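Here's the structure we're looking at; comments come further down.
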2 protein chains.
Amino acid sequence: MRVPKRERQRQLGISLEQNPFLTDEELSRQFNVSVQTIRLDRLECGIPELRERLKTVAARTMEAEVKSLQSDEVIGEIVDIELDKRAISIFDVSEEHVFQRNGIARGHHLFAQANSLAVAVLDDDLALTVTSTLHFLRPVKAGDRVIARAIVDKDRSNDKRTFVEVFSTVENETVFTGEFEMYQTTDQSRRKS
Amino acid sequence: MRVPKRERQRQLGISLEQNPFLTDEELSRQFNVSVQTIRLDRLECGIPELRERLKTVAARTMEAEVKSLQSDEVIGEIVDIELDKRAISIFDVSEEHVFQRNGIARGHHLFAQANSLAVAVLDDDLALTVTSTLHFLRPVKAGDRVIARAIVDKDRSNDKRTFVEVFSTVENETVFTGEFEMYQTTDQSRRKS
DNA sequence: TCCGGATTAGCACTTGGTACTAATACCAGT
DNA sequence: ACTGGTATTAGTACCAAGTGCTAATCCGGA
């Protein structure tokens, strides 16, 4: 018994996690055991066969693609909106949004939520950000639910320029504020037919 | 001949693009033809079998996962860096970064490139953005290669605060500028041992 | 020396195919 | 009505990568 069974099974799991494309035969060569041993190991560990593994990996892709497509238009989920006035979106921070080193959310995700909310509230085919000023007040961690509130500043806006202010909070504490000067092509005086 | 062959093959392609998990048998039921006909159609259209389809879809996932992991730390690729002084990164804008409606890059991608470059140039375990002011000067389109240059403003910086300026250009034309006030935990006076 | 877990071998069977051949079906043109 | 050509269907042998099961073999320790 070169490598104890237990250790081999552990490595098997790791190998397949890294590369789910390995067949039993390839694995048997890798571990210097027979194909049958590999099968028994997979059975004991509850690891499905190659075809099943690929199926689940592929399924994960499709899901991710759909998700990234829909979540690309607006970062965060809009829960309330009154066009040209105000809007609210929710964004759940997870592991992939934070720095590995300190667990703090990367600034651009907070910006993305705020910016896309500013775009969405304007209901214009060509609303673009021209200038913006941001303040990151408190660090945001994985697991936090960030609620962003956008308010269109009517007073400072004119035909071509609209000012949107966004406040993002986590548990009622403001973590981020942003001021966005937006450019709009649509003539605002002709709007609201 | 209910549906002409040509049309059926077109639909077949669409079906499989949306859902690569369909077996020939399921497809034969969907189109009310024999399994053999489906096989001939796939052959003529050069569409591989189920297992091969899943393999490529799964491969795409793995690639994307690796890519997103490495590209998550820094948005864009750093091509030159002198710590605490300056840095340059390149970011190729593709279809997934732009608004579908007008083909213009979404602001948060430009911000992400600039912001992560500002973080990278500081070489600090806990460099966080506190405040920033952005100017989006020209629209950026898919296919554009954005070059961001970050410069640390030594004069305005002190122990706890560092100012970084980022200029992003496309073909020598400035498309974006950002000023980042960064917070650093490491005591700068004790740095550079 | 004998027991028991670990390993290996062998065989039948399954899925979802390929590759190939042969039989129909159907429609148009003459 | 006959013929030709395309489209479709059927059937067979075979493959990869398995599952499930039984049986044989190995090997190490009390």
Side-chain angles (χ1 to χ4, degrees), chain A residues 1-70, chain B residues 1-70:
Chain A
M1 208 184 304
R2 321 175 98 85
V3 181
K5 178 176 166 179
R6 203 57 201 242
E7 171 60 14
R8 186 189 56 224
Q9 294 189 341
R10 204 184 56 79
Q11 289 185 22
L12 186 81
I14 296 171
S15 279
L16 286 178
E17 199 150 333
Q18 287 178 352
N19 181 5
F21 296 80
L22 297 168
T23 65
D24 287 355
E25 207 185 314
E26 288 166 333
L27 289 164
S28 80
R29 262 177 269 135
Q30 181 177 325
F31 291 101
N32 256 319
V33 291
S34 71
V35 173
Q36 282 78 359
T37 302
I38 296 291
R39 310 244 222 248
L40 282 176
D41 284 350
R42 282 208 351 269
L43 195 72
E44 284 181 37
C45 300
I47 299 172
E49 61 167 296
L50 170 69
R51 267 107 82 170
E52 289 305 312
R53 292 195 302 267
L54 293 189
K55 217 183 278 180
T56 58
V57 172
R60 215 169 57 217
T61 315
M62 302 303 286
E63 215 178 306
E65 276 175 11
V66 168
K67 205 167 154 191
S68 83
L69 265 181
Q70 67 190 142
Chain B
M1 209 184 304
R2 320 172 100 87
V3 182
K5 179 176 166 175
R6 202 60 201 239
E7 171 61 13
R8 186 190 55 224
Q9 294 188 339
R10 204 183 56 80
Q11 290 185 21
L12 186 81
I14 296 171
S15 279
L16 286 179
E17 197 147 336
Q18 288 178 349
N19 181 5
F21 297 78
L22 297 168
T23 65
D24 287 357
E25 206 186 316
E26 286 166 334
L27 289 163
S28 79
R29 263 177 268 133
Q30 181 178 325
F31 291 104
N32 256 321
V33 293
S34 71
V35 173
Q36 282 77 1
T37 303
I38 296 292
R39 309 245 223 247
L40 282 175
D41 285 349
R42 283 209 348 270
L43 195 72
E44 285 181 33
C45 300
I47 299 172
E49 62 168 294
L50 170 70
R51 266 113 66 169
E52 290 305 312
R53 293 194 302 265
L54 293 190
K55 218 183 278 180
T56 58
V57 172
R60 218 167 55 217
T61 315
M62 303 302 288
E63 215 178 310
E65 276 175 10
V66 169
K67 207 168 151 191
S68 83
L69 265 181
Q70 67 190 141

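Order of the sequence lines fixes the chain letters, A, B, ..., with proteins taken first and strands second; residue numbering starts at 1 for each chain. These numbers were taken from a predicted model, which means no experiment stands behind them.
Between the side chain of A/Arg53 and the main chain of A/Pro48, a donor-acceptor pair closer than 3.5 Å is present. Counting only distance, with no hydrogens or angles, the side chain of B/Ser15 and the backbone of B/Leu12 share no donor-acceptor pair below 3.5 Å.
The distance from atom CZ of B/Arg51 to atom C1' of C/dT18 is 10 Å, rounded to the nearest whole Å. Following rounding to the nearest Å, B/Ile38 (CD1) and D/dT9 (C1') show an atom-to-atom distance of 12 Å. Rounded to an integer number of Å, the gap from B/Phe31 CZ to D/dT8 C1' is 16 Å. Atom pair B/Leu22:CG and C/dG17:P shows a separation of 10 Å (rounding to whole Å applied). Between the CG atom of A/Asp41 and the C1' atom of D/dT19 there is a distance of 16 Å, given to the nearest Å. C/dA6 atom C1' lies 16 Å from atom CD of A/Glu7, rounded to whole Å. Summarising the geometry, the separation between CG on B/Leu54 and P on D/dA17 is reported as 14 Å, rounded to the nearest angstrom. If you take CD of B/Gln9 and C1' of D/dT8, they are 12 Å apart, rounded to a whole angstrom.
Of all nucleotides listed (D/dT8, C/dG17, C/dT15), C/dG17 comes nearest to the side chain of B/Arg39. Picking from C/dT7, C/dG16, D/dG20 the nucleotide with the shortest atom distance to the side chain of A/Leu43 gives D/dG20. Of the candidates C/dT7, D/dT8, C/dT15, the closest approach to any side-chain atom of B/Leu40 belongs to D/dT8. The side chain of B/Ser34 lies closest to D/dA10, out of C/dT18, D/dA10, D/dT19. Listed nucleotides: C/dT15, D/dT9, D/dG18. Nearest to the side chain of A/Leu50: D/dG18. Looking at the side chain of B/Lys5, the nearest of the listed nucleotides C/dA6, D/dG18, D/dT8 is D/dT8. Between D/dT8, C/dG17, D/dT19, one nucleotide has an atom nearer to the side chain of B/Asp24 than all others, and that is C/dG17.
Contact annotation for B/Val33: backbone-only contact, meaning every heavy-atom pair under 4.0 Å involves sugar-phosphate atoms and none involves a base. Within the nucleic acid shown, B/Gln36 comes within 4.0 Å of at least one base atom, counting heavy atoms only. Residue B/Arg8 is classed as a sugar-phosphate contact, given heavy-atom separations below 4.0 Å to backbone atoms only.
Within the 4.0 Å cut-off from OP1 or OP2 of D/dT19, at least one side-chain nitrogen or oxygen of A/Arg42 is found.
In terms of position along DNA chain D, the nucleotide closest to B/Glu44 lies nearer the 5' end than the nucleotide closest to the other residue of the pair A/Arg53 and B/Glu44.
Using a 4.5 Å heavy-atom cutoff, the side chains of B/Ile38 and B/Val33 are in contact. For the pair B/Thr56/B/Glu52, no side-chain contact is recorded, criterion being any heavy-atom separation below 4.5 Å from C-beta on.
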| field | Full working for salt bridge (Lys or Arg N to Asp or Glu O under 4.0 Å) between A/Glu26 and A/Arg29 | value | CA-CA 5 Å; A/Glu26 288 166 333; A/Arg29 262 177 269 135; 5.7 Å; no
